[in-house]
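All remarks here apply to the structure that follows.
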Amino acid sequence: MSNTHICPTCDEEITLPEGTVAAELITCDECETMLEVVGGPDGLTLTEAPEVEEDWGE
Amino acid sequence: MMRLGLFHSTIRAEEKLLISSAKELGVEVKLYDIRKINLDPESFVVDFDVALERSVSTTKGRHLVRFLEGLDVPVLNSSSVATICEDKFLTAMVLHKANLRQPKFAMVFDEQHAKEVINDWGGYPVVTKPTIGSWGRLISKINDDDALEAIIDHKMVLGSPEQKAFFIQEFIEKPGRDIRAFVVGGKVIAAIYRDSTHWITNTARGGQASNCPLTDELQEICQRSSEAVGGGILAMDLFESPQGLMINEINHTMEFRNSEKPTGVSISSEIINYCIESQNVKN
Ligand SMILES: Nc1ncnc2c1ncn2[C@@H]1O[C@H](COP(=O)(O)OP(=O)(O)OP(=O)(O)O)[C@@H](O)[C@H]1O
Ligand SMILES: [Zn+2]
C-alpha cells in the first residue's frame, strides 16, 4: 500500500508519515488545509477535516 | 497486558501522544472512533479494561461515557465529573460550596438584574461567557452599560433559551498571563503560564506557554478543586489576583500538546499511568 496521497483541496502530493492512523488530522504543507485521514477497506484516504462545531473543546 | 479503550473523534496531537506513551508503558491501545460505533447495549462488545474518553465534541463524549458506565465499564472521566466541568455555573457553585477562591460570579436572566449585580460588585468591567463552551468562544468583556445592553439585547432577540441565561463574572486584572495546571488523580503534575497581550490567554487563541513552578499555594487550590469536582484527569485555569490564586475553570477533556515541552513532564504518560491505577482499584 502506498503512503502517497493527493490533497483533495490543492492536488499536491502528501506523504503520510509512518504510524499514521485513521481519524488523524494533518495539514497540507502546500495549501494549509486541515485534512482528516479516513480509513476504509482500500486503506487510508484524505478528506477535508470537519468544520468546528459549537460543542467542540475541552 | 492492560487494554485501554481510547474513544476519539478526530485524532489530534494529544491522542497521538497518548497512543505513543501507552505503547512505551506496555499498554495495548484499542482505538474507537465514536463517530463510527453504535452505542447499542445489546451488541456492543467490551474488549478493553478501562476506557478513556477523548472526544472533541462534548455532546458525543457525554453520551459515550454514560453508555459505558451503564455497561459497568470503568471510564475516565466519569459522567459525574464531566457534568460538573462541562457547565461553568455548576462548576462555580461546586467550588463555592468547597470554599475555594474564584472570581465573583452570578447568574441572571435579564438586563435589569445584570445591572443590579454589577452595581453590587462596584461596577465594570465584567465578563460574560456561555456556561457551556470552550476555546474562549463568545466570551465578552463588558466595560459599560452600553456594551451590556447591546450584548443582552442581541441574545434576547437572537439567542437560544440557553443563551438567555447570563453567567457574569467580575473581570480579574491579571499580570498579562494566567496559569493552566494539569491535575491527574488529585496530584498536580505540571503547570504552565499562558502569556498573552490579549486578555483571553488560551493557547488555542495564540497564548504563549512557559513552565510554571508548582508552589504550595497552587498545589493546595488545585488539590481541593479536584476533590470538589470528583477527581479524574483535569486541566485547571487559574488567575493570579491581588488576593492570591483564583480558580476560573476546570476542563475534563484537556488539551496539552503545547505543555509537555515547556514543563518537561510527559502529561500523556501520567494520564496513561492513572488509567492503569484506576483499573487496579476497580479489580
Ligand atoms: N473573569 C475573567 N477575568 C479576566 N479574564 C478572564 C475572565 N474569564 C476569562 N478570562 C480570560 O479568557 C480566557 C478564556 O476563559 P475561559 O477559560 O473561562 O473560557 P473557555 O472558553 O472555557 O476556555 P478554555 O479553552 O480554557 O476552556 C481565560 O483563559 C482568561 O484569559
Ligand atoms: Zn493542499
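Just so we're on the same page: letters track the sequence lines, and every chain starts at 1.
Taking all atoms of both residues into account, the shortest heavy-atom contact from R35(B) to P50(A) is NH1-CG, 4.3 Å. Listed here is the closest heavy atom pair of D55(A) and K60(B): OD2-N, 4.4 Å. Between A23(A) and S9(B) the shortest heavy-atom distance is CB-O, 3.5 Å.
Contact of E36(A) with chain B is made through the side chain alone, with heavy-atom distances under 4.5 Å. Heavy atoms of A22(A) lying under 4.5 Å from chain B belong exclusively to its backbone. With a 4.5 angstrom heavy-atom cutoff, S20(B) does not touch chain A via any of its atoms. Neither the backbone nor the side chain of V37(A) comes within less than 4.5 Å of any heavy atom in chain B.
Considering only heavy-atom pairs separated by less than 4.5 Å from chain A, the leading option among H252(B), K16(B), M254(B) is K16(B).
At most 12 heavy atoms of other shown residues, nucleotides or ligands fall within 6.0 angstrom of atom CE in M34(A). The 12-atom threshold is not exceeded at CD of E13(A), counting heavy atoms of other residues, nucleotides or ligands nearer than 6.0 Å. Heavy atoms from other residues, nucleotides or ligands lying under 6.0 Å from NZ of K261(B) number 12 at most. Around the NZ atom of K187(B), the shell of radius 6.0 Å holds no more than 12 heavy atoms that belong to other residues, nucleotides or ligands. In K23(B), the NZ atom is not crowded: 12 or fewer heavy atoms of neighbouring residues, nucleotides or ligands sit closer than 6.0 Å.
Separation of atoms NE2 (H8(B)) and CD (E24(A)) is listed at 10.0 Å; rounding is to 0.5 Å. Between the OG1 atom in T59(B) and the CH2 atom in W56(A) there is a gap of 11.5 Å [rounded to 0.5 Å].
The main-chain N or O of L25(A) is never found under 3.5 Å from a side-chain atom of T10(B) such that the two would form a donor-acceptor pair. The closest donor-acceptor contact from the side chain of E58(A) to the backbone of E255(B) lies under 3.5 Å.
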- Please test V52(A) against R137(B) for side chain to side chain contact (heavy atoms under 4.5 Å, CB included), starting from the C-alpha separation and ending with a verdict. CA-CA 11 Å; V52(A) 173; R137(B) 280 178 304 233; 3.5 Å; yes

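Two residues are said to be in side-chain contact when any heavy atoms from C-beta on lie closer than 4.5 Å; E54(A) and S57(B) fail this criterion. At least one side-chain heavy atom of V21(A) sits less than 4.5 Å from a side-chain heavy atom of I11(B).
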